[in-house]
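To find a chain, count down the sequence lines: A is the first, B the second, and so on, and within it residues start at 1.
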Amino acid sequence: MTPIQLPAGAPGARILGFGSYRPRTRVTNDDLAKRMDTSDEWVQSRVGIAERRWAEPDETLVEMSVAAGGKAIAASGLDAGDIDLVLLATTSPPKAIPGLAPRIAHQLGVPRPGAFDVNAGCAGWCYALSAAADAIRSGTARNALVIGGERLTDYTNLEDRATAVIFADGAGAAVVSASDEPAIGPAVWGSDGDLHEAIAIPENETGMSMAGQAVYRWATTKLTDTLVEAMRRAGVGPDDIDVFAPHQANLRIIELMAKRLKLPERTVIARDIVRSGNTSSASVPLALAALLESGEAKSGDVALLLGYGAGLTFAGQVVVLP
Amino acid sequence: MTATDSRDTVSRTTTSTPSGVVVPSEREDPTLASTQEIQAGLGEILEEVAGVAPADATPEKSFTDDLDVDSLSMVEIATAVEDKFGVAIPDDQLANIKTVGDAISFIESNQG
Ligand SMILES: CC(C)(COP(=O)(O)OP(=O)(O)OC[C@H]1O[C@@H](n2cnc3c(N)ncnc32)[C@H](O)[C@@H]1OP(=O)(O)O)[C@@H](O)C(=O)NCCC(=O)NCCS
């Protein structure tokens with residue numbers, strides 16, 4: 001039997017640049033209070049959101065993803081022609097068929113890349129980042145574009161105030177490339193499929209519903225170990241973490257995780273939820289792009305990431321920021 | 001990891017009959033927390049989770065109305081109770097716990 005050959009691959013992978021797209025329309029808690037029985041006080045104290053962006057009809061999942069992806073390619077210093085893998089993490093595609101990554105790649109002028117969608121709930125971008133880094137290390141790809149894009153408002157039931165105040169729209173992206181020094185640590189990922197109903201679109205309904213307290217309990221008890229393991233496997237400890245950017249689902253979960261991990265005072269904690277709401281798989285790249293833009297995070301910073309959500313799924317990893 | 005620890009605590013507070021059948025231990029079992037100990041332990045949890053002064057955590061107090069503890073802090077309290085007393089409070093039961101006294105009786109009747 002002829003042995004199968006493998007490409008040489010790369011010693012490591014790194015993120016070269018981020019890009020993001022925030023929809024034009026800002027929706028404050030007071031705006032929501034005019035449409036449903038809620039209040040700024042409730043939303044701020046329970047979830048930590050002050051405002052979020054809702055996409056208009058022309059801000060489709062494809063258009064937002066193309067905008068974020070184009071900025072990420074520009075920030076990376078590469079050309080669209082250099083990209084050979086495009087991943088779209090999304091849990092809110094308008095239709096099941098076709099997947100959108102090929103069309104997004106086409107609109108960006110990326111020639112015939114490997115392209116597919118990843119649905120791992122709000123953990124999608126972290127899953128896709130890991131898949132891209134592994135593809136680069138194994139030699140299957142050289143440069144990857146990893147997008148997280150969501151139009152969760154398409155699947156939000158405005159009658160369900162507990163979710164309607166939380167979910168929002170947007171897209172964030174990063175270009176990942178080969179590097180001699182590993183700058184994307186191994187993902188510690190997994191799933192708890194027994195909780196598949198906790199965040200789901202119920203039978204015969206079009207909007208999603210969430211067992212908020214069950215998910216809150218799961219997130220605050222089960223995921224600290226994931227983060228600790230992600231640091232351990234990357235060979236770093238809490239004192240090395242410059243930036244903590246978990247999925248932006250609830251500010252109280254974010255603060256509780258930071259406290260349990262005993263991160264040092266100087267660690268910058270992503271709190272993009274305050275102005276962006278919960279954008280599912282777009283939340284981690286949106287938060288990182290914002291921290292780099294504002295200068296709160298800098299190139300070379302060590303960031304601890306965590307995605308978690310519908311499935312239930314989770315993925316933690318340590319990366320070096322571009 | 002904490003789940004396993006608490007399960008160990010629970011199994012230590014049960015007694016095996018010669019036939020090997022495990023029966024729940026009696027309330028007088030010295031390894032079980034007394035009402036006073038539960039109230040004190042719960043007080044510590046309430047202070048840690050929600051900043052409630054220990055002197056305020058008396059049995060007649062309603063978590064939401066008197067102590068300003070909201071539903072998400074209740075989830076954190078349930079987690080802390082499980083770690084401290086080895087007593088799991090599922091979400092559906094948590095909804096029925098309205099006062100500090102309700103929590104004390106729940107822990108008391110479900111430990112061991
Ligand atoms: C969603 C979440 C904020 C809801 O908070 P909660 O405290 O569980 O909310 P509940 O549905 O139990 O409601 C608590 C009370 O607030 C009320 N309420 C719910 N939504 C409200 C709103 N938007 N405005 C005002 N009041 C509201 C409820 O009616 C209820 O009132 P009652 O006690 O008088 O009956 C919270 O559970 C959460 O963040 N969970 C984790 C979500 C997560 O991490 N998802 C991950 C991936 S996407």
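The number of heavy-atom neighbours closer than 6.0 Å to CG of B:D68, taken from other residues, nucleotides and ligands shown, is 12 or below. For B:E60, the CD atom sits in a packed shell: over 12 heavy atoms of surrounding residues, nucleotides or ligands are nearer than 6.0 Å. Residue A:Q44 places its CD atom among more than 12 non-hydrogen atoms of other residues, nucleotides or ligands, all under 6.0 Å distant.
Neither the backbone nor the side chain of A:K222 comes within less than 4.5 Å of any heavy atom in chain B. Interface remark: A:R46 contributes backbone and side-chain atoms alike to the contact with chain B (heavy atom separation under 4.5 Å).
When every heavy atom of A:R217 is checked against every heavy atom of B:P90, the shortest pair comes out as NH2-C, 3.8 Å.
Using a 4.0 Å cut-off between charged side-chain N and carboxylate O, A:R260 and B:E76 make no salt bridge.
Expressed to the nearest 0.5 Å, how far OG1 of B:T79 lies from CH2 of A:W218 amounts to 14.0 Å.
Ranked by heavy-atom pairs under 4.5 Å with chain A, the list B:L94, B:L72, B:V75, B:D91 is led by B:L72.
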For this session: Could you check B:D92 against A:Q213 for side-chain contact (heavy atoms from CB on, under 4.5 Å), going step by step and ending with a plain yes or no?
Result: CA-CA 10 Å; B:D92 52 339; A:Q213 276 163 36; over 6 Å; no
